[in-house]
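To find a chain, count down the sequence lines: A is the first, B the second, and so on, and within it residues start at 1. Any value given below was found using the heavy atoms of this structure, including those in side chains, with hydrogens, waters and symmetry copies removed. No experiment lies behind these values; they were computed from the predicted model shown.
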2 protein chains.
Amino acid sequence: MNLNECPCSGKTLARLIQPAVMAVLANEPLHGYVIVQRLTGMTMFQDHGPDITGVYRLLKSMEKKGFVTSSWELAASGPAKRRYALTPGGRACLTRWITTLRTYRDAVSNLLDTAAASGAAKTRRGGNRRTPTPEAKSDEG
Amino acid sequence: MNLNECPCSGKTLARLIQPAVMAVLANEPLHGYVIVQRLTGMTMFQDHGPDITGVYRLLKSMEKKGFVTSSWELAASGPAKRRYALTPGGRACLTRWITTLRTYRDAVSNLLDTAAASGAAKTRRGGNRRTPTPEAKSDEG
DNA sequence: GTACGGTATAAGAGATAGTCCTATAGTGGA
DNA sequence: TCCACTATAGGACTATCTCTTATACCGTAC
């Protein structure tokens, strides 16, 4: 029982790299490496950043699905870079993601309410502040 | 390119079954089947409900990790039921989940902002914000 | 002139999580 | 007997994610 190995630590909260990549690509075509840097600055990857291999792998699969296109960029100096751009299909996917994310955020809030109402959060004593939440009036607890 | 097979459809938005199960178990010990029914009523599983096999599988793994305990309940009629109860360790995990979920909700909001700001949501017309992207003038290929 | 770190891409192997299909067992109704 | 509902669960598969390792180019330090 090591809570640091548990998903509750927040380390493995993912499954959202796809929309995150699409979101940064929606602004402008970028190289994989730059995408990773952008993602690293995002809230969802705060301290650790996404796995680089995973991002490249994802970009490959996204290209296969037609969500992005890529082209090699040969600069005068430095290694070749692959430049990824969002396709109209990818943009449609991102648009749908936005709806999904709203639902998701809602679901997480709902889950938070359920969890908080269960009393699991009451580890600390000293008067659980009677939050004026709507469920305060329900006859539960 | 079938968006119905894409995670953006919201079908595969999961990874949160664990805290959901813990949240419903925090109130009272329950049978697996009842847990599934409770989950089905939650926002995050609105229309489809969780996979039953997955929930039983999860409960097993949670027991192995020490987050729940189980005991067989032999009623006068009907098949034997396994009754799951949250352990103190499981409760600690749930408490941590609450913090994680807040962070997660925050991250999703942040991602929503990024995605919405990218203009992906602007499927409707109404004057596309004049954002002459830098690569509009460079002809890279 | 090579060792090191940064930029840039990517495959292999494995872990984890979740879904679909199937199997079991008891109860009750048509 | 067949079917539906309650109740639990394994097998096989897929998707996703991580860890390790590999490559190639570049600049700087020693």
Does the side chain of B:Met22 come within less than 4.5 Å of B:Leu86's, by heavy atoms?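 Result yes, sub-4.5 Å side-chain heavy-atom pair found.
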Short side-chain N/O contact from B:Gln18 to OP1 or OP2 of C:dA17, under 4.0 Å: yes
Side-chain (A:Thr87) to main-chain (A:Phe67) donor-acceptor, under 3.5 angstrom: yes
Would you say the side-chain atoms of B:Glu73 pair up with the backbone N or O of B:Ala80, donor to acceptor, closer than 3.5 Å? no
Do A:Arg82 and A:Ser70 have a side chain donor and acceptor closer than 3.5 Å?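 Yes - a donor-acceptor pair under 3.5 Å links their side chains.
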What string of B, S and - do you get for nucleotides 7-12 of chain D, 5' to 3', when a contact is any protein heavy atom under 4.0 Å? BBBBBB
Between [atom2] of [N] and [atom1] of [X], the distance in whole Å:
{"X": "A:Leu30", "N": "C:dT9", "atom1": "CG", "atom2": "P", "result": "10 Å"}
{"X": "A:Leu16", "N": "D:dA15", "atom1": "CG", "atom2": "C1'", "result": "14 Å"}
{"X": "A:Asp51", "N": "C:dT16", "atom1": "CG", "atom2": "C1'", "result": "14 Å"}
{"X": "A:Arg38", "N": "C:dA8", "atom1": "CZ", "atom2": "C1'", "result": "16 Å"}
{"X": "A:Leu59", "N": "D:dC17", "atom1": "CG", "atom2": "C1'", "result": "15 Å"}

Quick one: closest heavy-atom pair of A:Leu39 and A:Ala20, and the distance?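 That closest heavy-atom pairing would be CD2-CB, 3.6 Å.
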Of the non-hydrogen atoms in A:Leu16 and B:Leu111, which two are nearest, and what is the gap between them? O-CD2, 4.1 Å
